[in-house]
Amino acid sequence: MRANLHVKDRVGIVGAGMTLFRRRFLETPRELAWEAVKQALDSAGLTLRDIDCVVIGTAPDAFDGIHMNGEYLADGAGGFGKPVDRIYIGGGTGVMVPISAWWHAASGHCNTVLAVAEEKMSHAMPHPQYVFAYIWDPILERPLGPNLIWIFAMEMRRYMHKCGAKKEDIALVSVKNKRNALDHPAAQAAANITVDDVLNSELLVWPVNRLDISPVSDGAVALIIAREKVARRITDSPVWIEGVGFTLDNTHWYNRELGYPRYVEYAARMAYRMAGIERPWKEIDVAEPYDPFDYKELHHIEGLQLAPRCQAWKLLKEGYFDRDGELPTSPSGGLLGVGNPIAAAGLMKVAELFWQLRYEAGKRQVKKPVHKGVAQAWGDLMQAGTVIVLGN
Amino acid sequence: MVSWDKRALPGDIIHYPGKQEADYYLYPPGIHGKEAAELLKKGKVPGMLCGDQLFLPPKTFCPDEEMSEGTVVEVEGPFLAALVTVIYEDFYGRSLEEPQVLGLITVPGAVGGYLGVIKADPEMVFPGMRVKPVFKKEEERTGAITDILYWVPEGD
């Protein structure tokens, strides 16, 4: 059953562009945004004159090292002399940017919207992980010096314990995604690796090894989003935004069931309801779940209702999520393979669905016919879920 | 609610000191910023041409509909202080021994300008006054904006 939403118009994606994802770029954040925007505009045959509104997304200002980073990026992102909005919800930003762009257009306020996400993590020294040192409760947690991997290690351990998955079962996600990324021209961490490579890579915080984690990256992605009447003038094959959803779970990580991402389930149900999808495991043809860690892809597949709880790792072993499988996940190569410039990584996943649903993904094109896809990101203080459903 | 603003030093209450974010940052100059840095090292003021329009300071992209690329060029002047102001206190609210003149430095017809310190009598500065840059010694320049030590009134 579809949600009882009153929107002015259907909204589609008509163009996409992205920079390479790399560890350290000489380009400034503004230049990265500019490069992605130019590509997106060129792909749709538009110029900035054709754009009504701009939505910019970056995760913490502290990565780029510029407070009010969205405003700093604005001119590189084409955001001058137009309504500009910034989205800022950590890792969830990349999927929230097109969601925001959707309501800019669906409301009738803007005929065309430029949706831009950028992250330049390499500015922060000695390592961007230090930025994460300050997301914790300043009284109860920070004095112990935690970093994100500590908590993710416990979350991964919880998933393994609850679902009976072994490290080698989970490592298959990294193997799959890095292999998929070999066909992505922008990829930073593409590789043909084995499960043993993952298991034998540097042990960081048990059970997390180096190759269980996506790399640190710089990069930017841009999409052009338009109301239906405009979208149809721009292209014969717009990709429609059919559903959007977003949720915050409990702020405190220790108050959440770490074995199951409720923040994704609630956001996904919201998006599916809007899209009229009742059986996502049957109706979704291709998925881009957020995979900064290999176990998170399994976690998120289950949250997206694409596999029963604790079954994703078993289906993965059967090749169910391979590019030529029943339900391909992260055919782009995901964050593990393409790279993880935080906000841009989420929008990269939406761009991948755009190319998949237009059959423009080249060697990455999944084997099965595709009609509907879902992309998802995760962020804030690890409790934000953002989901978007696209259709062709 | 209780304010300790006027009653105590931080050491008089239970408190949890903290700091934020990375130890430090490295900001690369960007593609055309590198060319601009080279000009600064040579003791020249960089600008950017987008078609016939001069922009200060240079950026890679022009603020036009096509988002085209600009060309970094040396700006020879004449420079003028389009805006001026005088600073009397430092960052911490302490009075400066000598008031400092600050200006937005541009050239006629250009869009934008540079923030710059003007070495001049605060009583004598005015918007539109002609100025010229004073650079560090060549061996001390690094390609940073601080290679321009300050600006002085033309004729000084």
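Convention: sequence-line order gives letters A, B, ...; per-chain numbering from 1.
If you measure heavy-atom distances from A:A33 to chain B, you find no contacts under 4.5 Å at all. Contacts between A:D64 and chain B at a heavy-atom distance below 4.5 Å involve the backbone alone (N, CA, C, O). Residue contact with chain B, scored on non-hydrogen atoms closer than 4.5 Å, involves the backbone of A:F25 exclusively. Only the side chain of A:L41 comes within contact range of chain B, with heavy atoms under 4.5 Å apart. Contacts of A:R24 with chain B are absent, with no heavy-atom separation under 4.5 Å from either backbone or side chain.
Here the CD1-CH2 distance, from B:I31 to A:W34, works out to 9.0 Å after rounding to the nearest 0.5 Å. Note: B:Y25 OH to A:H123 NE2 = 10.0 Å, rounded to the nearest 0.5 Å. Interatomic distance, CG of A:L46 versus CD of B:E65, reported as 11.5 Å (0.5 Å rounding). In this structure, CD on A:E35 lies 12.0 Å from CZ on B:F61, to the nearest 0.5 angstrom. One distance of note links OG of B:S68 with CG of A:L48; it measures 10.5 Å at 0.5 Å rounding. Here NZ of A:K38 is found 8.0 Å from CD of B:E66. Values are rounded to the nearest 0.5 Å.
Using modelled atom types, one side-chain atom of B:Y27 and one backbone atom of A:G65 make a donor-acceptor pair closer than 3.5 Å.
Between chain B and the options A:T47, A:L26, A:D42, heavy-atom pairs under 4.5 Å are most frequent for A:L26. Your options are A:D50, A:D75, A:L32, and the one with the most heavy-atom pairs under 4.5 Å with chain B is A:D75.
Counted within 6.0 Å of NE2 on A:H109, heavy atoms from surrounding residues, nucleotides or ligands total 12 or fewer; the atom is thus considered open. In this structure, A:R23 places its CZ atom where more than 12 heavy-atom neighbours from other residues, nucleotides or ligands lie under 6.0 Å away. Residue-environment remark: CD (B:E97) stays at or below the threshold of 12 foreign heavy atoms within 6.0 Å. More than 12 heavy atoms of other shown residues, nucleotides or ligands fall within 6.0 angstrom of atom CD in B:E89.
Side-chain contact between B:P28 and A:K120 is present, with at least one heavy-atom pair separated by less than 4.5 Å. With a 4.5 Å cut-off on side-chain heavy atoms, A:S122 and B:L26 do not count as touching.
Nearest heavy-atom pair across B:H32 and A:E31 is N-OE2, 3.8 Å.
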